[in-house]
Amino acid sequence: MKRTMVWSLVLSGLALPTLALAQSNVTLYGSLDAGVGYVSNLRGNSAFIAEQGTYRADHWGLRGSEDLGGGRRALFRLESGFSTITGNLASAGVLFNREAFVGLADARLGTLTLGRQTDWNFEWLGRLSSAQIIGNFSVFHPGNIDGLANTVPVEVSNAVKYRSPNLGGLTLGAMYSFSNRAGANTTAGYSLAAKYASGPLRAAAAYSNYNDRPLNLAGGLGLTEFAGQALAPGSLFVADNVKIAGAGAAYLWGRWTFHALATDVRISANQQRSSYVALDGGANYQLTPADTLGAGVSSTHFAGKRWTQLSVQDVYAFSKRTQFYASVLYERASANAVADITGIGPASGANQTVVLSGIHHSF
């Protein structure tokens, strides 16, 4: 009898890890995107280029969760951006450059995560932009100053992020990031947002406030000077404070998806204030279950300059995971600005046309 009880206890002990493992899951996922293109004016000359991350940004990651019972679970994500055409990391020397966080989720109370994360401008508002709905990185607003694309400085380190449960279609979000510096200014920034989804309608609004925020004014807007400071090619300008507000919506009507979005960025630097305002809108049309045609237009104003962009793209889905895309983009700059389509590079003048095509695969 004793021997039977002992073996029963041993077998039960061996079964416990298996039981715990059955309540957990880890998923490897990723996206690879590579193509070719033609640029009418790239720093003064036409060029044929290899391009990556057009339809979706190149990345891979691990995500997982553990069921803790009672509607609660632990979760984590590690995500790394890279270039399919070169193999380089998106941020040199930072392996999990897109996200690295751990947290707890409760069905009634919401989700709390800690680590390196993206703010609500990217996560909720960006999904309503022409760039994400059409599916083309180069359609994001010049320089990504409003943070709708996942580029520097959208990834925020030392962040605590809260997401409410779904409240009848409404979800609220808040994020706070620490500067990890001693002294009075211990806040790197914060981000607040709300999104709503019901039937064919999706909408979101976000407000973010950041100190010492790097901005891609030279490479992304082709500027050589800002706020009395010379800008070296490829360098980042660090603003004292940046406030970003935005709102957008999308509506599905039959085969059509209509969308519109506006952002307003207030930049304080060297005791000067500037405003970056972007408006965009467009529509997608489902030609067939596998083929979608999208078009968008945007207008961006900054420092007395203006950039207007028209974009058209066709996406053919071989499957849920594999797509072929082809696009034509045209940008015109005014008030002595240079055209600078996102992710391509500045022109030498006011006009730039880009033709891109490629293949995207996710896993």
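Put simply, the side chain of Tyr55 does not reach to within 4.5 Å of the side chain of Ser327, judged on heavy atoms. Residues Trp120 and Lys195 form no side-chain contact, since every pair of their non-hydrogen atoms from C-beta on lies 4.5 Å or further apart. For the pair Val39 and Gln352, the minimum side-chain heavy-atom distance is below 4.5 Å. For the pair Leu89 and Asn97, the minimum side-chain heavy-atom distance is below 4.5 Å.
Among pairs with a residue in residues 233-247, those fulfilling side chain to side chain donor-acceptor pair (under 3.5 Å) read Asn209-Asn241, Asn211-Asn241, Asn241-Lys243, at least two apart in sequence or across chains. Contacts classified as ring-ring contact (aromatic ring centres under 6.0 Å, His included) and involving residues 28-50 (residues at least two apart or in different chains) are given here: Tyr38-Phe48. The side chain to side chain donor-acceptor pair (under 3.5 Å) pairs that include a residue from residues 281-290 are Gln286-Thr292, where partners are two or more places apart or lie in different chains. Among residues at least two apart or in separate chains, ring-ring contact (aromatic ring centres under 6.0 Å, His included) pairs with a member in residues 214-244 are Phe226-Phe237, Phe226-Phe302.
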### Task
Would you check, one step at a time, whether the test side chain to side chain donor-acceptor pair (under 3.5 Å) holds for Ser311 with Gln313?
CA-CA 7 Å; Ser311 309; Gln313 176 164 282; over 6 Å; no

### Message
Pair Leu125, Leu148 - check side-chain contact (heavy atoms from CB on, under 4.5 Å), show working.
### Response
CA-CA 7 Å; Leu125 197 57; Leu148 303 182; 4.1 Å; yes

### Message
Pair Asp33, Thr84 - check side chain to side chain donor-acceptor pair (under 3.5 Å), show working.
### Response
CA-CA 7 Å; Asp33 186 319; Thr84 298; over 6 Å; no

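Remark: of the listed residues Trp124, Tyr210, Tyr190, Tyr210 is the sole one forming a side-chain hydrogen bond (donor to acceptor under 3.5 Å, both in side chains) with Asp119.
For the pair Glu225 (side chain) and Gly228 (backbone), a donor-acceptor distance under 3.5 Å is present.
For Ser177, the side chain to side chain contact (heavy atoms under 4.5 Å, CB included) partners two or more places apart in sequence, or in a different chain, are Val156, Ala159, Ala188.
Ring geometry, Phe140 versus Phe137: the interplanar angle exceeds 60°, so the pair is classed perpendicular (tilted spans 30 to 60°).
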Cut-off 3.5 Å, no hydrogens considered: what does the side-chain donor-acceptor table look like for residues 354-363, sequence neighbours left out?
from	atom 1	to	atom 2	distance (Å)
His360	ND1	Gln323	OE1	2.6
His360	NE2	Ser31	OG	2.7
His361	ND1	Thr322	OG1	2.8

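Ring pair Trp253/Tyr251: centre-to-centre distance not below 6.0 Å.
Side chain to side chain, Ser299 and Arg306 meet the donor-acceptor criterion of an N or O pair below 3.5 Å.
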